[in-house]
Amino acid sequence: MKQCEILIKPYVTEKALNLMAGTPAQKHKDGNKIEFIVNRDADKPDIKAAFEELFEVKVEKVWTRIQKDGKHAIIKLAEGYSAEDVGMRVGVF
């Protein structure tokens, strides 16, 4: 599967935006994450590899869940990389 087939589109909600920066109440413990809708057949290593190659960042961890609108992946970036920068590149802001 190609990278463009794995990552379908960013998932943008108020909660997803809060995951990127971390809110002051969370003291940035939950920050630096970005959420994408991904191909239902993609597994966590596929998502990690596609995201790292496409956006030239390091991924620390990937969580997935399946909802009515598709499979969602929450991607936590490694220290030194910014989810807000990636969000800017894909047009979230």
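No experiment lies behind these values; they were computed from the predicted model shown. These numbers come from the heavy atoms of this one structure, side chains and all, not from hydrogens, waters or symmetry mates.
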Contacts of type side chain to side chain contact (heavy atoms under 4.5 Å, CB included), residue Lys58, not counting sequence neighbours: Glu52, Ala78, Tyr81
Leu77/Val59 under side-chain contact (heavy atoms from CB on, under 4.5 Å): CA gap, chis, key distance, verdict: CA-CA 4 Å; Leu77 301 183; Val59 173; 4.3 Å; yes
Nearest 0.5 Å please: distance from the NZ atom of Lys44 over to the NZ atom of Lys61. 7.0 Å
Report yes if the side chains of Val12 and Leu17 come closer than 4.5 Å at any heavy-atom pair, otherwise no. yes
Is the number of heavy atoms from other residues, nucleotides or ligands under 6.0 Å of Glu79 CD greater than 12? no
Side-chain heavy atoms nearer than 4.5 Å, only ILVMFWY residues, links allowed to pass through others: does that put Leu54 and Ile6 together? yes
Scan residues 62-72 for pairs that pass salt bridge (charged side-chain N to carboxylate O under 4.0 Å, His left out), counting only residues two or more places apart or in two chains. Glu35-Arg65
Is there a path of hydrophobic side-chain contacts, each under 4.5 Å between heavy atoms of I, L, V, M, F, W or Y residues, that connects Val90 with Ile37? no
Do any N or O atoms from the side chain of Asn32 and from the backbone of Ala83 form a donor-acceptor pair under 3.5 angstrom? yes
What's the separation between atom CG in Leu7 and atom CD1 in Ile47, rounded to the nearest 0.5 Å? 7.5 Å
Between Phe55 and Phe36, what is the ring plane arrangement, given parallel below 30°, perpendicular above 60°, and tilted in between? tilted
Checking side chain to side chain contact (heavy atoms under 4.5 Å, CB included) between Ile34 and each of Asp85, Ile74, Val86, Val57, which is the one that passes? Val86
Single-linkage hydrophobic cluster, 4.5 Å side-chain cutoff, Tyr11 and Met88 together: no
Which value, rounded to the nearest 0.5 Å, describes the distance between Lys48 atom NZ and Glu60 atom CD? 9.0 Å
For Glu84, side chain to side chain contact (heavy atoms under 4.5 Å, CB included) partners two or more places apart: Met20, Ala21, Ser82, Phe93
